[in-house]
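For reference, the structure is listed below as structure tokens.
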Amino acid sequence: MRSDGTPGLVLVTGATGYIGGRLVPELLAAGHRVRCLARTPGKLRDLPWAGDVEVAAGDATDADAVGAALRGVDVAYYLVHSLGSGPGFERTDRTAARVFAERAAAAGVRRIVYLGGLTPAGVPERALSPHLRSRAEVGRILLDSPVPTTVLRAAVIIGSGSASFEMLRHLTERLPVMATPSWLGNRIQPIAVRDVLRYLVGSARMPAEVNRTFDIGGPEVFTYEQMMHRYAAVAGLPHRLILRLPMLPPGLSSHWIGLITPVPRSLARPLAESLRHEVVCHEHDIAEYVPDPPGTPIGFDAAIELALRRIKEANVTTRWSSAALPGAPSDPLPTDPGWAGGSLYTDRRERLTDSSRAALWQVIEGIGGENGWYSFPLAWAVRGWLDRIVGGVGLGRGRRDAARLRAGDSLDFWRVEELDPPHLLRLRAEMRLPGLAWLEMYAEETPDGRTRYRQRALFHPRGFLGHVYWWSVSPFHAVVFGGMARNITRAAERADRAAGALSPRGVRHREGGPPAG
């Protein structure tokens with residue numbers, strides 16, 4: 001809001017991420033005009049609020065793109081970080097923050113708002129985990145800029161789909177008895193995602209003289225072990241038996257978290273390392289500028305209940321996997337049939353079916369997650385576990401919604417690169433591979449009124465190992481990809497038959513197919 005009371009233009013970076021994707025509709029509801037800066041604008045295309053915002057394309061380290069996105073902006077939200085992206089992520093975060101601060105000052109931005117991590121009192125910055133150290137440095141860079149800045153510092157954020165919640169949820173649900181690292185005894189002040197969003201929106205109206213950090217947290221302080229017991233009680237689970245192993249190092253504990261929960265090791269490690277110290281708020285000064293309405297901040301049990309209700313109702317708007325996994329391939333599929341970028345191996349499958357195109361598309365869009373992949377479930381499961389062992393995402397991410405997809409959605413170890421209903425679904429692999437891979441599924445109408453299913457798997461090898469990989473797995477393609485095409489069309493025919501849209505006489509390749517998944 002400008003000084004004259006008129007709605008200002010707000011820039012949101014990280015709008016494809018967990019917090020950014022939820023913040024945008026809250027800002028719109030508060031009367032702000034919103035512009036989003038996205039490296040891949042197509043990921044915003046299918047979001048419910050996409051038509052209500054401006055979209056600027058660009059990377060956070062591209063000074064020209066950032067400068068163009070900040071032009072005319074009143075308040076800028078900085079929600080970018082390269083969490084767990086490997087060596088050099090601190091340098092990348094530092095560069096992006098400096099670019100943003102400099103360009104915001106040049107554009108005359110009135111305020112920057114940044115969501116960082118809560119750091120423990122009395123612990124030297126050099127002793128912090130690389131993740132927390134980087135978040136603290138970014139906050140300092142923004143505060144030192146000429147633009148008044150609000151830095152909100154939160155510990156564990158509890159909300160449906162957050163990485164911290166998914167880690168807590170799956171550890172508690174899957175392990176009634178567990179041996180755990182010693183950091184489960186450290187004190188933590190969790191906060192509900194609704195309160196985080198409320199503080200973020202309210203920070204846009206802070207007066208110009210405010211340039212500081214604010215600790216934000218819920219009303220209670222727990223150890224992580226107590227949080228697990230509280231989660232079990234709210235979720236109606238039996239009491240959990242937890243044994244601490246004081247010598248369990250962060251690397252091993254993050255590997256253990258990666259195997260037990262959907263959160264991959266590359267993300268689990270910085271989350272676990274952030275809990276090595278106590279992270280408790282030491283002030284609640286934010287209430288002076290963003291007053292707490294009755295019933296807020298939301299308590300831990302209420303936050304868990306809200307998150308579980310969202311999951312039960314399949315109403316999870318964003319997830320930790322909404323943002324691309326650091327280190328995952330992001331190259332778009334080469335569209336030139338005579339692509340000159342190197343080898344491009346292809347496996348093609350095609351089947352005619354008596355099902356309707358609508359039924360076929362419904363099966364295609366519903367693939368993955370609990371619905372499975374329609375061929376050789378054991379092979380898919382083994383591939384997922386192998387990916388988890390080497391630090392990949394595996395199959396545990398599942399789906400955001402059981403029936404509907406959006407461009408940019410994560411889908412097990414794939415990501416939706418293109419969605420053109422009811423014609424095309426293109427997935428890009430985010431598993432650990434010696435190359436880049438895509439899977440395309442088409443639902444088409446033939447001139448004689450039938451329906452054709454087309455499927456194409458593509459692989460661009462990286463180096464000699466990439467070629468070896470393709471030829472080593474190609475003997476299994478007939479079983480995996482061939483069975484997938486066959487069972488997808490059978491599932492569509494069964495759906496039409498169940499709806500009375502397909503007569504038994506007209507059904508082909510119907511009986512004997514394995515169930516989905």
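This chain uses plain numbering: 1 for the first residue, then up along the sequence.
- Contact of the L11 side chain with the F100 side chain is registered, since non-hydrogen atoms from C-beta on lie closer than 4.5 Å.
- For P219 against G299, the heavy-atom pair with the smallest separation is CG-CA, 3.8 Å.
- Side chain of D195 to main chain of G217: no donor-acceptor pair is present (N/O by atom type, distance under 3.5 Å, no hydrogens or angles).
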*Passes side-chain contact (heavy atoms from CB on, under 4.5 Å), L405 versus R399? Steps please.*
CA-CA 8 Å; L405 291 175; R399 298 174 54 104; 3.5 Å; yes
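- Between D412 and W373 the shortest side-chain heavy-atom distance falls below 4.5 Å.
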*asked:* Under the criterion side-chain contact (heavy atoms from CB on, under 4.5 Å), I'd like the reasoning laid out for W49 against V34: C-alpha separation, chi angles, the key distance, then a yes or no.
replied: CA-CA 10 Å; W49 41 261; V34 178; over 6 Å; no
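- In this structure a side-chain-to-backbone donor-acceptor pair under 3.5 Å is missing from T40 to A38.
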_side-chain contact (heavy atoms from CB on, under 4.5 Å) assessment of I157 paired with I19_ = CA-CA 10 Å; I157 296 176; I19 293 293; 4.3 Å; yes
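- Here the side chains of V196 and R22 are not in contact, with every heavy-atom distance at 4.5 Å or above.
- You'll find the side chain of L79 reaches within 4.5 Å of the side chain of V12, heavy atoms only.
- Considering only residues two or more places apart in sequence or on other chains, R194 meets the side-chain contact (heavy atoms from CB on, under 4.5 Å) condition with I298, L306, R310.
- A distance-only check finds no donor-acceptor pair linking the side chain of R110 to the backbone of D74 [under 3.5 Å].
- No salt bridge links R415 with E417; every basic N to acidic carboxylate O contact stays at or beyond 4.0 Å.
- Between S134 and E90 the shortest heavy-atom distance is CB-CG, 3.9 Å.
- Evaluation of the side-chain hydrogen bond (donor to acceptor under 3.5 Å, both in side chains) rule for E137 yields R94 as partners, not counting sequence neighbours.
- In plain terms, the two heavy atoms of A155 and V279 that are nearest each other are CB-CG2, 3.9 Å.
- Within 6.0 Å of the CD atom in Q362, the count of heavy atoms belonging to other residues, nucleotides or ligands does not exceed 12.
- Taking the six-membered ring where tryptophan is involved, the planes of H239 and H229 are essentially parallel, since the angle between them stays under 30° and well short of 60°.
- Using a 4.5 Å cut-off on side-chain heavy atoms (C-beta onward), F165 and I304 make contact.
- Considering only heavy atoms from C-beta on, D215 stays 4.5 Å or farther from Q189 through its side chain.
- When the side-chain contact (heavy atoms from CB on, under 4.5 Å) test is applied to A56, the partners found at least two apart in sequence or on another chain are R35, L37, A69.
- Among residues at least two apart or in separate chains, salt bridge (charged side-chain N to carboxylate O under 4.0 Å, His left out) pairs with a member in residues 230-242 are R230-D301.
- Residues passing the salt bridge (Lys or Arg N to Asp or Glu O under 4.0 Å) test with E418 are R45, sequence neighbours excluded.
- No side-chain heavy atom of N371 sits less than 4.5 Å from a side-chain heavy atom of I367.
- With sequence neighbours excluded, no residue forms a ring-ring contact (aromatic ring centres under 6.0 Å, His included) with H282.
- For the atom pair CD1 (I216) and NE2 (H284), the distance works out to 10.0 Å, reported to the nearest 0.5 Å.
- Proximity of D46 to D409: side-chain heavy atoms (C-beta onward) are nowhere separated by under 4.5 Å.
- Distance alone, capped at 3.5 Å, is enough to place a donor-acceptor pair between the D401 side chain and the R404 backbone.
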_Residue pair R432, F413: steps toward the side-chain contact (heavy atoms from CB on, under 4.5 Å) verdict_ = CA-CA 9 Å; R432 296 295 179 93; F413 47 39; over 6 Å; no
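- Every side-chain hydrogen bond (donor to acceptor under 3.5 Å, both in side chains) that T61 has, sequence neighbours left out, goes to D59.
- D62 meets the side-chain hydrogen bond (donor to acceptor under 3.5 Å, both in side chains) test with no other residue; sequence neighbours excluded.
- Taking A68 as the reference, R71 meet the side-chain contact (heavy atoms from CB on, under 4.5 Å) condition, with sequence neighbours excluded.
- Here salt bridge (charged side-chain N to carboxylate O under 4.0 Å, His left out) pairs that include residues 219-229, with residues two or more places apart or in two chains, are E225-R244.
- Between R198 and D292, at least one side-chain nitrogen of the basic residue sits less than 4.0 Å from a carboxylate oxygen of the acidic one, meeting the salt-bridge criterion.
- When all heavy atoms of P190 and I158 are compared, the pair lying nearest together is CB-CG1, 4.0 Å.
- Interatomic distance, CD1 of I112 versus CD1 of I141, reported as 11.0 Å (0.5 Å rounding).
- Distance CZ/F300 to CD/E305: 11.0 Å, rounded to 0.5 Å.
- The shortest heavy-atom contact between P120 and L132 is CD-CD1, 4.5 Å.
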*Worked verdict on Y114 versus R135 for side-chain hydrogen bond (donor to acceptor under 3.5 Å, both in side chains)*: CA-CA 10 Å; Y114 170 61; R135 301 296 284 269; 3.2 Å; yes
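- When the side-chain contact (heavy atoms from CB on, under 4.5 Å) test is applied to R212, the partners found at least two apart in sequence or on another chain are V210, F214, E283, D285.
- R111 is linked by a side-chain hydrogen bond (donor to acceptor under 3.5 Å, both in side chains) to T150, counting only residues two or more places apart in sequence or in another chain.
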